[in-house]
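Here's the structure we're looking at; comments come further down.
A quick note: this is a predicted structure, and the numbers were derived from the prediction, not measured.
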Amino acid sequence: MVRYADDFVILLKGGLEKEMLERLKSWLEKAGLTLNLSKTKITDTRARGKIEFLGFELSERKSVRTGNRYIHCQPSKKSRQKFRDKMRKELNHWTKWRNTEQTVKRVNRITRGWGNYFHYGNSSSVFSSTNSWLYQRVRIWLRKKHHGQSVGKSMYVRFPREMLATELGVYALPQQAKWKQQEG
């Protein structure tokens, strides 16, 4: 069961849907609640592929390591696009007049918030590609802000990732689960 406030998703093996629905209705009635049947959907993830729930994409996959089936949970494409749109608002040619330190703080606040919400599940590969996109976006913004200086140098030479991270303090989304970070 995946839940947040009064929204939830129940994941189970095929063939048990009707029984689970009846058990759920009974359980909710005992708690004085009712199930909104117009909002209730029964979906086969094997046939349909994936579902979206509160910004997450849930899909059934097969583990490469064990061969077992599991529910893969990552930020949905729509959620990733919303994040990019927010970054484009912060890092565009209309904002190049802003102080770099203040802009980085604004970018970091958005990135940390997004990362904290989506760090559950299997977000490592999405976080990795999002980090690459974000660092490139910051490079482009810096190039436009400092136009004409060091002409001819590659953005990667002029603004290497290490400099963006250490000198400017651009936050990078974690690419390892929090519980794995604590072990290491």
Side-chain angles (χ1 to χ4, degrees), residues 1-21 23-25 27-28 31 33 35-91 104-139 161 164-165 169-184:
M1 181 180 217
V2 181
R3 64 184 175 82
Y4 178 79
D6 63 346
D7 295 321
F8 58 91
V9 173
I10 298 175
L11 307 160
L12 52 109
K13 290 185 178 187
L16 301 173
E17 300 89 351
K18 288 181 183 177
E19 179 188 337
M20 180 54 72
L21 188 59
R23 289 177 64 191
L24 179 61
K25 281 184 201 176
W27 180 73
L28 288 171
L33 302 169
L35 185 64
N36 186 338
L37 292 174
S38 67
K39 291 183 175 181
T40 302
K41 287 192 285 188
I42 296 175
T43 305
D44 183 354
T45 55
R46 286 186 184 184
R48 188 162 176 255
K50 61 186 173 196
I51 60 170
E52 286 192 22
F53 179 66
L54 300 174
F56 286 91
E57 180 181 287
L58 305 169
S59 59
E60 190 171 342
R61 295 191 182 176
K62 192 173 184 178
S63 170
V64 176
R65 197 169 39 93
T66 65
N68 296 333
R69 301 195 73 72
Y70 72 99
I71 298 297
H72 185 85
C73 179
Q74 67 182 26
S76 69
K77 287 181 181 178
K78 189 189 279 186
S79 298
R80 289 180 260 171
Q81 188 59 51
K82 282 183 179 179
F83 174 79
R84 288 188 182 116
D85 291 344
K86 282 184 182 179
M87 285 302 128
R88 285 186 181 102
K89 272 182 86 173
E90 294 298 325
L91 300 168
V104 168
K105 281 183 183 179
R106 292 168 69 119
V107 164
N108 286 349
R109 187 175 61 244
I110 294 166
T111 306
R112 272 195 184 94
W114 193 82
N116 285 339
Y117 182 80
F118 287 108
H119 80 274
Y120 300 100
N122 317 93
S123 300
S124 299
S125 64
V126 170
F127 280 12
S128 177
S129 63
T130 301
N131 281 337
S132 297
W133 182 89
L134 177 61
Y135 273 72
Q136 183 63 9
R137 192 78 196 172
V138 171
R139 282 185 189 101
R161 188 179 188 106
L164 296 176
V170 177
Y171 176 75
L173 295 163
Q175 295 176 37
Q176 191 175 41
K178 286 190 175 192
W179 60 271
K180 284 187 176 182
Q181 291 172 348
Q182 292 169 354
E183 283 180 358

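- Every residue was checked against the salt bridge (charged side-chain N to carboxylate O under 4.0 Å, His left out) condition with Arg84, not counting sequence neighbours, and none meets it.
- Leu164 and Arg139 make their closest contact through CD1-CG, 3.9 Å (heavy atoms, listed as atom of the first residue, atom of the second, distance).
- Under a cut-off of 6.0 angstrom, the local environment of CZ in Arg88 is crowded, with over 12 non-hydrogen atoms contributed by other residues, nucleotides or ligands.
- Side-chain atoms of Ser124 come within 3.5 Å of backbone N or O of Gln175 as a donor-acceptor pair.
- For Glu17, the side-chain hydrogen bond (donor to acceptor under 3.5 Å, both in side chains) test picks out no residue, with sequence neighbours left out.
- Looking only at side-chain heavy atoms (C-beta outward), Val107 and Leu134 come within less than 4.5 Å of each other.
- The ring pair (Phe, Tyr, Trp, His ring centres under 6.0 Å) search around Phe118 returns Phe56, Trp114, not counting sequence neighbours.
- Closest non-hydrogen pair, Gly67 versus Lys62, comes out as O-CE, 3.2 Å.
- Residues forming a salt bridge (charged side-chain N to carboxylate O under 4.0 Å, His left out) with Arg106 (at least two apart in sequence, or on another chain): Glu90.
- In Tyr70, the OH atom is crowded: over 12 heavy atoms of neighbouring residues, nucleotides or ligands sit closer than 6.0 Å.
- When the side-chain hydrogen bond (donor to acceptor under 3.5 Å, both in side chains) test is applied to Ser123, no partner is found at least two apart in sequence or on another chain.
- Residues satisfying the salt bridge (charged side-chain N to carboxylate O under 4.0 Å, His left out) test with Lys89, not counting sequence neighbours, are none.
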